[in-house]
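Written out below as structure tokens is the structure these notes cover.
The structure displayed is predicted, hence computed values, not measured ones. Naming: A, B, ... by sequence-line order, numbering from 1 per chain.
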Number of protein chains: 2
Amino acid sequence: MTGTKQAGIDRTSGVALWRQIADDIRVAIGAGEFREAGKLPGEMALAERFGVNRHTVRAAISALQNEGIVKAKAGRGTEILSDLRLKMPISRRTRFSTGLGGQARRPETAYIAAGEAAASDEVAAALAIAPGSLCVTLESLGLADGIPVSLAFHYFPAARFAGIAEHFRRERSVTRSFAAMGLADYVRVSTDISARHADEYERDWLRLTPGGIVLEALAVNADLEGVPVQYSRTRFSAGRVSLHVGTDGEL
Amino acid sequence: MTGTKQAGIDRTSGVALWRQIADDIRVAIGAGEFREAGKLPGEMALAERFGVNRHTVRAAISALQNEGIVKAKAGRGTEILSDLRLKMPISRRTRFSTGLGGQARRPETAYIAAGEAAASDEVAAALAIAPGSLCVTLESLGLADGIPVSLAFHYFPAARFAGIAEHFRRERSVTRSFAAMGLADYVRVSTDISARHADEYERDWLRLTPGGIVLEALAVNADLEGVPVQYSRTRFSAGRVSLHVGTDGEL
DNA sequence: TTTTATTTGTCCGTATGTATT
DNA sequence: CAATACATACGGACAAATAAA
């Protein structure tokens with residue numbers, strides 16, 4: 001099926017050639033295709049490979065430079081800067097800071113906003129409360145070494161966690177905020193994972209370029225009696241994070 | 001330009017507006033946004049929503065018609081034909097066919113290819129065998145109602161599962177192939193999930209458009225003694241599938 | 001049945017972006 | 001940095017199909 005035509009380039013798909021080629025090169029870098037050389041093949045070689053003009057390849061490389069993935073130097077070639085991904089564990093004891101702790105990086109959580117909202121059907125079902133019940137909302141940004149990796153929107157039942165936003169503002173941690181309100185422990189009940197293109201708001205906070213991808217995780221946490229205490233929608237920068245599900249044991 | 005910019009549409013991303021809008025509408029359909037009406041809002045309403053000209057919306061709808069998702073009729077509106085969005089469970093007992101079975105859809109597995117390969121470091125580590133050991137490889141396509149949803153590449157240690165490809169070719173099921181070779185049961189040990197743009201090969205098999213997204217799951221299955229029996233790399237069509245991780249119980 | 005409003009389908013022209021030579 | 005060809009996006013006008021008054 002892949003056959004004769006030059007490596008998968010479609011000219012009437014609504015996606016500019018330079019963007020298709022940039023995406024292809026990004027995937028190839030992630031797959032480790034150029035890891036040995038540490039740099040991309042020359043512009044002429046790439047133009048040949050994709051069956052396009054050298055100018056088009058230059059536009060693609062320029063886009064990858066803006067993303068901070070490669071760095072082109074006259075006479076030297078195009079160096080590959082980073083193809084690393086953080087591994088975020090998903091288990092019964094999923095927590096942001098400890099999840100990234102083992103990877104020799106400085107994890108950090110930033111406060112974005114807090115508020116109140118009536119529970120939509122979706123939120124109400126997840127938290128096992130009546131639709132329309134009041135929820136405390138909290139928005140936060142997760143960073144590793146100063147680079148944003150996740151953007152989270154949390155819902156807590158207001159009846160039980162009325163003042164949690166103030167705690168979070170000081171503590172910068174959901175776990176410690178729960179603890180300050182008398183909830184010593186909690187577990188992850190379920191996680192729903194999907195992927196899509198980032199919208200403008202997500203691109204802004206996660207510093208993604210147009211066409212960037214987010215992994216969206218819808219998660220429910222519950223106390224040890226199984227009563228839901230938190231519903232959150234976390235969007236991970238797909239280029240910087242993978243999710244690791246260990247189905248055999250705890251973290 | 002009609003006025004203020006609208007939800008997540010970017011005019012300098014190398015992706016045509018009509019394609020961005022088509023992707024947005026496809027996701028909205030999958031989220032059930034128009035399920036009540038059974039059809040899309042009018043072209044004018046959508047043009048307003050996305051802040052573009054009516055013709056641009058028409059181009060997007062035309063693309064969705066070609067995908068077989070909607071059907072436009074003069075005077076009637078644009079009917080939604082399919083809102084396929086599958087939820088694939090990831091748990092200790094993860095299997096493709098049973099995973100989709102509960103969703104009242106016809107699951108199917110197609111055989112693509114089989115072969116042999118020496119284990120790379122990555123594969124060897126996952127299967128707990130020596131690097132360079134021989135593996136049986138198997139490639140398969142998962143479909144739901146005839147629509148491709150997953151593309152999988154499997155590795156089995158050849159020392160133990162030498163003839164498994166022939167079994168799979170007849171049985172069209174990894175579970176039944178294992179059973180035919182005397183392995184009655186196995187469990188999922190770990191799953192690593194990431195997201196990225198589909199490459200040409202994946203776009204081809206999964207019938208994705210350029211810029212399409214895949215959810216890639218690297219999974220290890222083991223027998224009940226904990227000895228790894230299978231390592232697989234499954235790429236799900238992100239627009240058609242989400243992954244559900246239940247961390248509390250079995251499937 | 002006729003009328004009217006609504007919605008999609010098709011045509012025109014113009015400006016800008018993309019890709020090649 | 002041309003010149004050229006084509007795709008994209010916009011704006012408007014009108015035709016054709018449908019549903020409801």
Side-chain angles (χ1 to χ4, degrees), chain A residues 5-26 40 42-67 72 74 197 200 209-211, chain B residues 1-26 28-29 33-34 36-82 197 200 203 209-212:
Chain A
K5 63 183 190 264
Q6 293 282 8
I9 297 303
D10 187 335
R11 296 174 132 79
T12 59
S13 59
V15 182
L17 282 180
W18 63 263
R19 154 87 31 224
Q20 294 182 53
I21 289 164
D23 292 343
D24 264 31
I25 294 175
R26 198 191 304 103
L40 297 183
E43 289 174 358
M44 298 294 278
L46 288 171
E48 174 105 2
R49 164 168 168 173
F50 293 107
V52 299
N53 194 274
R54 179 169 159 265
H55 299 307
T56 311
V57 169
R58 286 181 59 76
I61 290 175
S62 163
L64 293 174
Q65 258 188 109
N66 285 335
E67 294 178 34
H197 287 108
E200 199 181 13
T209 51
Chain B
M1 256 239 259
T2 53
T4 65
K5 63 180 189 286
Q6 306 287 333
I9 299 300
D10 192 314
R11 300 174 116 86
T12 59
S13 60
V15 181
L17 284 180
W18 63 264
R19 170 139 303 286
Q20 297 181 56
I21 290 166
D23 292 342
D24 254 43
I25 294 176
R26 197 190 304 103
I29 290 172
E33 189 172 331
F34 316 116
E36 211 171 326
K39 60 174 192 167
L40 297 183
E43 291 172 353
M44 298 292 277
L46 288 171
E48 175 102 3
R49 165 169 167 173
F50 292 108
V52 299
N53 191 272
R54 176 177 159 245
H55 295 298
T56 310
V57 169
R58 286 182 57 74
I61 290 175
S62 165
L64 294 175
Q65 269 191 100
N66 286 336
E67 294 177 35
I69 293 173
V70 299
K71 173 74 187 159
K73 267 187 187 169
R76 281 184 66 89
T78 306
E79 187 192 357
I80 296 167
L81 299 179
S82 120
H197 287 104
E200 200 236 345
R203 287 201 300 266
T209 50

Distance-only, no hydrogens or angles: does the A/E43 side chain make a donor-acceptor pair with backbone N or O of A/R58 under 3.5 Å? no

In whole Å, what is the span from the CD atom of A/E43 to the P atom of C/dT20? 14 Å

Return the value, rounded to whole Å, for the distance between atom NZ of B/K39 and atom C1' of D/dT18. 10 Å

With a cut-off of less than 4.0 Å, is there a side-chain N or O of A/N53 near OP1 or OP2 of C/dA19? no

Note, B/L81 side chain near B/V70 side chain (heavy atom, < 4.5 Å): no

Length of the CG-C1' vector between A/L17 and D/dT8, whole Å: 14 Å

Can you check whether B/T56 has a side-chain N or O nearer than 4.0 Å to OP1 or OP2 of D/dT8? no

For A/A22, is there any backbone N or O sitting under 3.5 Å from a side-chain donor or acceptor partner on B/H197? no

Atom-to-atom span, CG of B/L40 to P of C/dG9 - whole angstrom: 12 Å

With the side chain of A/W18 defined as its heavy atoms from C-beta on, choose the nearest nucleotide among C/dT8, C/dA19, D/dC10. C/dA19

Taking donor-acceptor contacts at under 3.5 Å, does the side chain of B/R54 reach the base of D/dG12? no

Do B/F50 and B/I25 touch side chain to side chain, with heavy atoms closer than 4.5 Å? yes

Could you tell me whether the side chain of B/K39 and the main chain of B/R76 form a donor-acceptor pair under 3.5 Å? yes

Looking only at the side chain of B/R58 (C-beta and beyond, no hydrogens), which of the listed nucleotides C/dT8, D/dC10, C/dT20 gets closest? C/dT8

May I ask you to evaluate whether B/T78 reaches the phosphate of C/dT8, defined as a side-chain N or O under 4.0 Å from OP1 or OP2? yes

Rounded to whole Å, CE of B/M44 lies from P of C/dG9 at a distance of 15 Å

Mind calculating the distance between CZ (A/R19) and C1' (C/dA19) to the nearest angstrom? 16 Å

5'-most contact on DNA chain C: A/A16 or B/R76, nearest heavy atom basis? B/R76

Separation of B/E79 atom CD from C/dT6 atom C1', in whole Å? 18 Å

5′-ward residue of the pair B/H55/B/P41 relative to DNA chain C: B/P41

